[in-house]
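In what follows, every heavy atom counts, from backbone to side chain, and hydrogens, waters and symmetry copies are set aside. On a predicted model such as this, the values are computed, not experimentally measured, just so you know.
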Amino acid sequence: MKIQNKIALIFTALSAGIIVALSVFVYFFASESIATSFFHRLEVRSDIVGHAALQENKSLTSIYYDIKERHLGSLPYEKHRILPGQPDEATKKRLALPSSFYEPAQNNIPARFFNHDTSYVVLRVARDNRHVMVVSSALDTYGMQEMNNLKNLLLIGFFIAMVFVFTFGKLFSNEIFKPIRRIIRNVKGINAHNLHQRLVVEPTDDDVEALSRTFNDMLDRLEVTFEMQNNFVSNASHEFRTPLTVVSGEAELGMSIPGLSDAAKESFLNIYKEVEKLEHLTNSMLSLAQTGFDGKKEQWEEVRIDELILSVKEAADRIIPENQVAIDFDNLPDDEGKLTVNGNLALLKAAFSNIVLNSCKYSDNKPVTVKISADSKYVIVEITDQGIGIPDREIGQIFVPFFRASNTARYKGYGIGLPLTHNIIRMHQGKADVQSRVGEGTRFTTYLPFKYF
Ligand code: ADP
């Protein structure tokens, strides 16, 4: 889950907790207050009923009742029981109220009890040395209705608040993470070819600024290490070149010495061939080091891919005359622009030669097809052979320098050609894809953005 969503959810859960606690508090406080006010209203009526019962003059009794009805009105299910003196056990049992309920009333304190939605009060009313106990009960239907409304209101309020909190939480976290997303976008755009690029550091004096600076520091260190490694490979390859040329020249000279035995000639020839291979290897390593780091050093021009493939085929014919490379022009786009890329001719030629020559080599010169086509963004070159293929679990490694698949023992090679090709394609903002089946063949597909794009 994205941190952004996590924050929105935590924010919502926290707010939900606070709102629930607040709602519970409001609900119980309101319920307490409504119950107290209802008990109070019941007590007032109970008191009037008690005083009416203690009137000896019956006409006064009815006046009491009259005043009660006229000014206070009846409560729902209002009932009064007048008990002369202390309630006996039989009465208590009939009323089904706990004994402790009557106790405060004996000390002239009104007692309250709530059971099954019904409120009960018991009051001791005294007058002229006589007293009665009045047990009154009523149902607070209005209060219950109020509490029900309050409950619904709190529930609806809770859900609406949650929707708002989640939406604002998301917007808020989205806003907070904007600079982080910008950093991710920028960092994604930095690779071996543009290691000199840096993140834009905005002086916000916060963690994002610190993160950008840390990234830039790390890139500084990476760039230095990368440059050192490349310089080392370039320098070493350069240094090897001269002695290798001298050795191959000497070997050539040695072969032409008159009167040399066949064995000695053979020996000079072997030296010459091996030195040639070493020269090829050092040249490839030099190219790999150069393309791997800074593509800007190269010269860029408009390159027609169909013409380039034709020149690759010509080169293949010279190196391996028995090759069966065929170019498929059937899907060639009509628009020339879709065949033209901005790039370095020599490097692109080296890249496609590597793939085509590999296809010939690893298929023992079986037919190889090179198909050129284009989509809306790329000119696509598919090179398909019927060779030994690449084992499934090794496909992911073929662009790693010096890697050679496990089924290549009988073929010569160093594992430098494809990493170089890959670097060249990436330098041109393109991509390469490999599909292969052992014993059936391999297809390399390269995508290079054409010049319109
Ligand atoms: P190499 O000098 O070994 O050919 P590359 O860098 O050109 O080095 O290729 C790397 C590895 O990729 C090869 O060793 C081989 O295992 C595999 N490979 C490349 N092209 C093909 C192909 N057309 N068919 C089968 N395997 C291939």
Side-chain angles (χ1 to χ4, degrees), residues 226-301 303 308-323 325 343-362 364-365 399-404 408-424 427:
F226 212 85
E227 205 161 2
M228 268 168 56
Q229 191 194 346
N230 273 285
N231 285 345
F232 172 75
V233 177
S234 303
N235 292 340
S237 311
H238 266 301
E239 295 305 318
F240 277 133
R241 263 183 177 177
T242 323
L244 285 176
T245 318
V246 172
V247 175
S248 82
E250 293 294 320
E252 235 175 332
L253 199 71
M255 277 189 288
S256 59
I257 296 171
L260 213 63
S261 71
D262 283 352
K265 269 192 185 159
E266 173 88 29
S267 182
F268 276 123
L269 187 66
N270 281 343
I271 294 173
Y272 181 75
K273 277 187 185 165
E274 291 307 312
V275 169
E276 230 183 11
K277 277 189 207 162
L278 264 178
E279 272 179 330
H280 174 69
L281 179 62
T282 47
N283 284 340
S284 303
M285 278 172 61
L286 186 61
S287 310
L288 184 64
Q290 281 171 350
T291 57
F293 186 56
D294 195 353
K296 284 190 304 183
K297 280 185 198 154
E298 315 300 337
Q299 197 197 331
W300 292 75
E301 60 193 305
V303 179
L308 178 88
I309 296 295
L310 277 172
S311 70
V312 168
K313 159 81 177 141
E314 276 167 24
D317 289 344
R318 274 198 307 277
I319 301 167
I320 317 170
E322 62 275 29
N323 81 75
V325 177
N344 179 280
L345 181 65
L347 286 178
L348 284 174
K349 192 169 169 186
F352 285 106
S353 299
N354 278 338
I355 304 179
V356 171
L357 292 177
N358 269 351
S359 290
C360 298
K361 175 165 77 174
Y362 292 112
D364 299 301
N365 294 321
F399 294 125
V400 175
F402 301 105
F403 176 81
R404 302 201 72 217
T408 54
R410 68 187 181 89
Y411 300 92
K412 288 197 174 125
Y414 304 103
I416 290 183
L418 279 191
L420 176 62
T421 299
H422 198 219
N423 277 352
I424 295 171
M427 252 172 77

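One finds no salt bridge joining K273 and E276 here, because no Lys/Arg side-chain nitrogen approaches an Asp/Glu carboxylate oxygen to under 4.0 Å.
For the atom pair CZ of F268 and CD of E252, the computed distance is 12.0 Å after rounding to the nearest 0.5 Å. Separating the CG atom in L348 from the CE atom in M427 is a distance of 8.0 Å, to the nearest 0.5 Å. Between the CG atom of L269 and the CE atom of M255 there is a distance of 5.5 Å, given to the nearest 0.5 Å. The distance from the OG1 atom of T245 to the CD atom of E250 is 11.5 Å, given to the nearest 0.5 Å. With values rounded to the nearest 0.5 angstrom, I424 atom CD1 is found 12.5 Å from K349 atom NZ. Rounded to the nearest 0.5 Å, atoms OG1 (T421) and CD1 (I416) are 11.5 Å apart.
When the shell of 6.0 Å around OH of Y414 is examined, it contains more than 12 heavy atoms from other residues, nucleotides or ligands.
What you find for N323 and N365 is that their closest heavy atoms are CA-OD1, 4.1 Å. Minimum interatomic distance between C360 and V325 (heavy atoms only, all atoms of both residues): SG-CG2, 3.5 Å. Between A251 and I271 the shortest heavy-atom distance is CB-CG2, 4.0 Å. Of all the heavy atoms in P419 and F399, the pair that sits closest is CB-O, 3.4 Å. Nearest heavy-atom pair across Y272 and S248 is CD1-O, 3.6 Å.
Listed for the K361 side chain is a donor-acceptor partner under 3.5 Å among the backbone atoms of K412. With S261 contributing its side chain and A264 its backbone, the two residues share a donor-acceptor pair below 3.5 Å. Between the S359 side chain and the I355 main chain, a donor and an acceptor come within less than 3.5 Å of each other.
W300 places none of its side-chain heavy atoms less than 4.5 Å from the side chain of L347. The shortest distance between side-chain heavy atoms of V247 and E279 does not fall below 4.5 Å.
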Which is it for L278 and T282 under the side chain to side chain contact (heavy atoms under 4.5 Å, CB included) test, yes or no, and what are the steps along the way? CA-CA 6 Å; L278 264 178; T282 47; 5.5 Å; no
Side chain to side chain contact (heavy atoms under 4.5 Å, CB included) for V356 and K313? Distances and angles first, verdict last. CA-CA 8 Å; V356 171; K313 159 81 177 141; over 6 Å; no
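F403 meets the ring pair (Phe, Tyr, Trp, His ring centres under 6.0 Å) test with no other residue; sequence neighbours excluded. By the ring pair (Phe, Tyr, Trp, His ring centres under 6.0 Å) test, F240 is found to be paired with no residue, residues two or more places apart in sequence or in another chain being considered. Contacts of F352 classified as ring pair (Phe, Tyr, Trp, His ring centres under 6.0 Å), with partners at least two apart in sequence or in another chain: none.
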